[in-house]
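Only this structure's heavy atoms are used, side chains among them; waters, hydrogens and symmetry mates stay out. Proteins get letters first, then strands, A, B, ... in listed order; numbering begins at 1 in each.
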Amino acid sequence: MSGIEQSKIRNFCIIAHIDHGKSTLADRIIEKTGLLTDREMQAQVLDNMDLERERGITIKSQAVRIVYKAKDGEEYIFNLIDTPGHVDFNYEVSRSLAACDGAILVVDAAQGIEAQTLANVYLALDHDLDVFPVINKIDLPSADPERVINEIEDVIGIEAQDAPQISAKTGLNIEEVLEQIVTKIPAPGGSRENPLQALIFDSVYDPYKGVIVFCRIKEGTVKKGTKIRMMATGAVEEVVEVGYFGAGQFIPCDELSAGMVGYITASIKNVKDTRVGDTITDDNRPCEKPLPGYKKVNPMVFCGVYPADGAKYQDLRDALEKLQLNDASLFFEPETSIALGFGFRCGFLGLLHLEIIQERLEREYNLDLVTTAPGVVYKVHKTNGEVIELTNPSNLPDPSEIEYMEEPMVKAEIMVTTEFIGPIMDLCQERRGQYQGMEYMETTRALLHYHLPLNEIIYDFFDALKSRSRGYASFDYEMLGYEQSNLVKLDILVNKEEVDALSFIVFADSAYERGRKMCEKLKEEIPRQLFEIPIQAAIGSKIIARETVKAMRKDVLAKCYGGDISRKRKLLEKQKEGKKRMRQIGNVEIPQKAFMSVLKLDDK
Amino acid sequence: MRKDLGLYIHIPFCIQKCGYCDFLSWKGTEEEREAYVSALIKEIRSYREFAEGYKVSTVFVGGGSPSVLDPAQAERIFDEVRGTFQIEKQPEITIEANPGTITREKLDVWKQCGVNRLSMGLQSTDNDNLKMLGRIHTWEEFLEGLSMAREASFDNISADLISSIPGQTREKWEKELETLAGQKLEHISVYQLILEEGTRFYEEYAGHPELLPDEEESREIYLSTGKILKEYGFEQYEISNYAKPGRESRHNLKYWERADYLGLGLGASSMVRNIRMSNTRDIKKYLERCENPKTMRENVEFLEEARQMEEFMFLGLRKTRGVSRKEFRRNFGQDLDLVYEKALYKGFENGLLKEKKDRIFLSEEGILVSNAVLSEFLFD
């Protein structure tokens with residue numbers, strides 16, 4: 001490895017709005033550099049997990065090292081660092097960017113700039129990356145590269161006249177991109193003589209090697225035997241192996257030095273010791289201060305996750321533990337619900353993260369889950385001066401002990417074509433948005449700035465946005481902080497018994513409406529039983545909405561013809577089977593899906 | 001000692017398929033019927049060895065409409081049954097008859113063959129309803145058939161009705177029921193209409209529940225049925241069956257009491273020594289393999305003790321007298337109240353089950369939601 005000149009290294013990432021072709025371009029770059037055989041060249045090389053491929057998004061950032069022989073006759077080492085595209089993983093994106101020296105901005109030749117394009121570009125510029133644009137999908141009939149070039153220059157303010165006009169799908173003009181990586185992205189700085197300073201941008205757990213840390217060496221060198229220290233967590237370990245990223249595999253090497261991207265293993269047992277964003281240094285010769293920007297990521301969205309079959313509690317725990325090995329931002333702790341039994345309160349970076357974890361638990365670990373409505377973390381200021389971070393509505397103190405409550409707010413940017421500005425502003429208004437301003441990007445598109453309670457966007461804001469703009473609006477947000485708010489806990493009573501798993505915190509003025517919708521929805525979901533079941537929504541002892549599931553008065557009196565008992569048995573078994581999927585609350589049976597259906601209250 | 005046995009004989013032919021019917025039946029040609037009867041006879045004959053262990057106390061010839069067979073065919077079947085099985089001295093031998101296909105000649109032959117009970121598929125006393133249901137006969141033809149049967153000295157006659165049919169109200173139903181109950185009959189079965197997939201009724205009404213009596217109306221219809229029939233001297237003994245004293249269907253009771261019965265003919269179900277099975281429903285297969293029934297059986301299942309217990313409960317509770325704790329203990333060596341502690345508690349608590357000394361039975365409310373109650377007796 002000593003043969004590599006720092007000046008021949010290019011560390012970069014690709015940034016784009018979702019579906020603008022980031023992963024396809026990554027595939028082409030890897031393909032054109034010829035390090036992969038055709039057999040290895042699966043559709044999307046970087047996206048390893050099945051789930052990622054199906055959803056077409058990148059969940060965990062990964063990296064690959066490739067060799068490119070440029071037109072100047074020199075061989076260059078490219079480290080392509082893939083970044084997750086979704087706002088839930090913003091912090092991971094930010095750390096991935098910090099590991100790069102430049103970024104390729106992919107913009108769809110037909111759609112132009114979208115909200116995520118902007119958010120990602122600003123993030124990249126914040127990290128002092130050199131960004132050059134690429135116009136993708138020029139093979140589309142609706143492609144309008146001239147307009148997009150102007151848009152990039154006007155809106156973002158970066159030079160775009162010589163942007164490669166490519167089709168990542170067909171491979172058109174990919175060489176141009178490769179050449180511009182060489183010419184437009186700077187070689188990494190830093191010196192191998194300085195004390196070790198390396199940025200962790202990802203880590204994965206391997207059952208044999210322990211935690212594998214992905215890092216960018218900013219200063220110094222690291223090799224087998226180096227005693228490394230994680231500056232934020234304080235963990236100290238001896239390096240077992242260093243190496244770089246081949247296509248889908250780890251390739252060991254002698255050392256990693258300033259400017260390089262690679263991995264380190266050091267028999268680390270817990271990913272929590274290797275937090276993304278932390279700085280690795282040499283314990284014997286530490287650097288003066290850690291790299292800037294480290295923060296502990298806190299889960300933003302919480303919900304209860306329960307096994308549908310109570311006996312699978314331990315399996316669920318094992319599965320969560322395994323997932324957490326690779327995903328330090330997943331939080332969980334045991335909780336008990338009267339309605340749902342033993343389960344876990346889980347914390348996620350956002351709703352997408354929640355959905356992904358839930359799907360992985362169900363698919364990869366074959367678990368049947370019941371999840372409660374997701375909620376955000378509220379700050380409860382008690383009259384005695386204590387402040388509680390509330391993740392489970394059931395734990396809300398008595399109102400008499402509460403001085404006031406705060407809820408998390410986000411700063412949202414919504415890009416929308418002008419004809420839909422009205423409907424989108426209405427939507428934000430309904431979701432308690434505070435209008436912050438609007439800019440016209442060009443005559444037909446505008447960027448809306450809003451502050452919104454996180455609580456209002458975690459359910460179905462994105463869907464509502466899409467449906468009210470016929471799919472044309474795009475959206476991005478970042479956390480803003482906490483704001484005082486008038487919040488109440490809404491309880492649901494089924495047959496006069498409170499169902500803890502259905503309680504949630506809601507803005508006081510929306511409580512009535514929410515309560516009514518909840519009751520209506522539950523009335524649909526709870527099958528008739530042998531007695532009448534009142535469903536009520538209550539704030540404290542005050543009932544604010546009520547529906548009734550009428551008693552079942554008669555069922556079908558099937559005959560048994562000619563002694564054919566099997567039909568009768570099947571009928572009864574079906575009835576019985578239906579009950580198995582229900583939860584017993586008092587003497588009422590509630591179907592598992594009722595607990596989740598309340599997530600979809602706003603479906604029209 | 002020979003064991004007691006019931007025989008069910010299936011005749012899968014009908015003049016016309018009714019709109020609600022999903023039984024295994026079709027019109028069939030004369031040749032088909034003849035081929036079927038020959039096959040049935042071979043099947044019966046093949047049970048000679050088996051028959052040695054049994055004494056038959058009930059025979060039930062059902063369908064379809066067994067009355068479509070010509071008298072000679074019926075005679076051949078009964079001769080074969082008598083030649084193969086030992087029949088007890090006072091058996092119950094029932095044949096189902098469609099009022100549209102009854103003749104004096106047939107009645108006389110049946111009588112000679114030992115048939116002593118008629119089950120007449122009437123379904124409604126209202127001619128408009130009969131037409132809507134797709135029946136081939138009128139109310140008047142039923143009356144004619146009934147008096148012919150009396151003349152042929154049949155003294156144990158049952159009629160079937162279907163309730164909760166499209167357009168029915170409690171008032172209309174009560175009128176129909178009283179019209180029938182006023183005739184001289186020993187037994188009445190009332191089945192509530194069920195929309196079975198694949199039937200014409202399913203196509204027409206499954207998507208239009210508003211055309212059928214609603215739940216409350218159906219309840220009223222059911223409750224008034226018992227009340228009216230009681231006034232006419234019929235005592236309810238099972239969810240759908242009402243009889244004058246001593247005229248309960250002995251054969252059908254075998255089903256609820258889990259006695260052994262052997263099904264003969266296409267698709268017929270059997271339960272013998274806790275094995276449930278049924279003949280193939282494929283007529284081609286049946287005709288080919290009738291001499292060797294083992295090769296045409298389907299759904300053969302030996303009932304483990306748990307399944308036997310379940311059946312004991314969900315079949316036994318269909319009878320108004322319900323189940324006996326003593327009998328449960330005798331059969332399974334366990335205490336019913338312990339085995340079904342939870343289901344019983346729930347049933348008693350909700351007033352759906354009642355008890356009287358040794359017996360546990362469905363309350364009137366319990367009968368109305370019997371599926372919900374009975375399903376509680378299936379084990380997890």
Short question: side chain of B:N371, backbone of A:L572 - any donor-acceptor pair under 3.5 Å?
-> no

Heavy-atom count around B:F361 CZ within 6.0 Å, excluding the residue itself: above 12?
-> yes

Just by modelled atom types, is the B:S269 backbone N or O under 3.5 Å from a matching donor or acceptor in the A:D564 side chain?
-> no

Take atom NZ in B:K354; do more than 12 heavy atoms of anything else shown fall under 6.0 Å from it?
-> no

Answer yes or no: are there more than 12 heavy-atom neighbours, outside A:F531 itself, under 6.0 Å from its atom CZ?
-> yes

Is it the backbone or the side chain of B:E216 that comes under 4.5 Å from a heavy atom of chain A, or both, or neither?
-> side chain

Does atom CD of B:E341 have more than 12 heavy-atom neighbours, drawn from other residues, nucleotides or ligands, at distances under 6.0 Å?
-> no

Between B:K346 and A:E589, is the closest basic N to carboxylate O distance under 4.0 Å?
-> yes

Heavy-atom distance under 4.5 Å to chain A: side chain of B:R219, backbone, both or neither?
-> both

Smallest separation among heavy atoms of A:I565 and B:E311, with atom names | CG2-OE2, 4.2 Å

Is the CZ atom of A:F342 crowded by more than 12 outside heavy atoms at less than 6.0 Å?
-> no

A:R567/B:E196 under salt bridge (charged side-chain N to carboxylate O under 4.0 Å, His left out): CA gap, chis, key distance, verdict | CA-CA 12 Å; A:R567 255 169 97 157; B:E196 301 284 4; 3.1 Å; yes

Quick one: what part of A:Q529 sits under 4.5 Å from any heavy atom of chain B, side chain, backbone, both or neither?
-> neither

Polar side-chain atom of B:Y261 near backbone of A:G563 as donor-acceptor pair, under 3.5 Å = yes

Looking only at heavy atoms, the pair that brings B:F314 and A:K568 closest together is CE1-CG, 4.0 Å

Counting only heavy atoms not in A:F462, do more than 12 sit closer than 6.0 Å to its CZ atom?
-> no

Non-hydrogen side-chain atoms of B:N299 and A:S566 separated by less than 4.5 Å = no

If you round to the nearest 0.5 Å, how far is CD1 of B:I367 from CG of A:D555?
-> 11.5 Å

Distance-only, no hydrogens or angles: does the B:N350 side chain make a donor-acceptor pair with backbone N or O of A:L530 under 3.5 Å?
-> no

If every non-hydrogen atom of B:A372 is compared with every non-hydrogen atom of A:Q575, which pair is closest and at what distance?
-> CA-NE2, 3.2 Å

What part of B:S218 is in contact with chain A, defined as an atom under 4.5 angstrom from a non-hydrogen atom: side chain, backbone, both or neither?
-> both

Inspect the surroundings of CD in B:E364 and state if more than 12 heavy atoms from other residues, nucleotides or ligands are less than 6.0 Å away.
-> no

Take B:L378 and A:E573 through the test side chain to side chain contact (heavy atoms under 4.5 Å, CB included) and record every step on the way to the result.
-> CA-CA 7 Å; B:L378 299 185; A:E573 275 171 354; 3.5 Å; yes

Shortest non-hydrogen contact between A:K554 and B:E215, atoms and distance | O-OE1, 3.6 Å

Does B:D380 reach the side chain of A:K576, with side-chain heavy atoms less than 4.5 Å apart?
-> yes

With a 4.5 Å cut-off on heavy-atom pairs, point out which of A:M552, A:R569, A:K574 contacts chain B the most.
-> A:R569

Flag yes if more than 12 heavy atoms outside A:Y313 fall under 6.0 Å of its OH atom; otherwise flag no.
-> yes

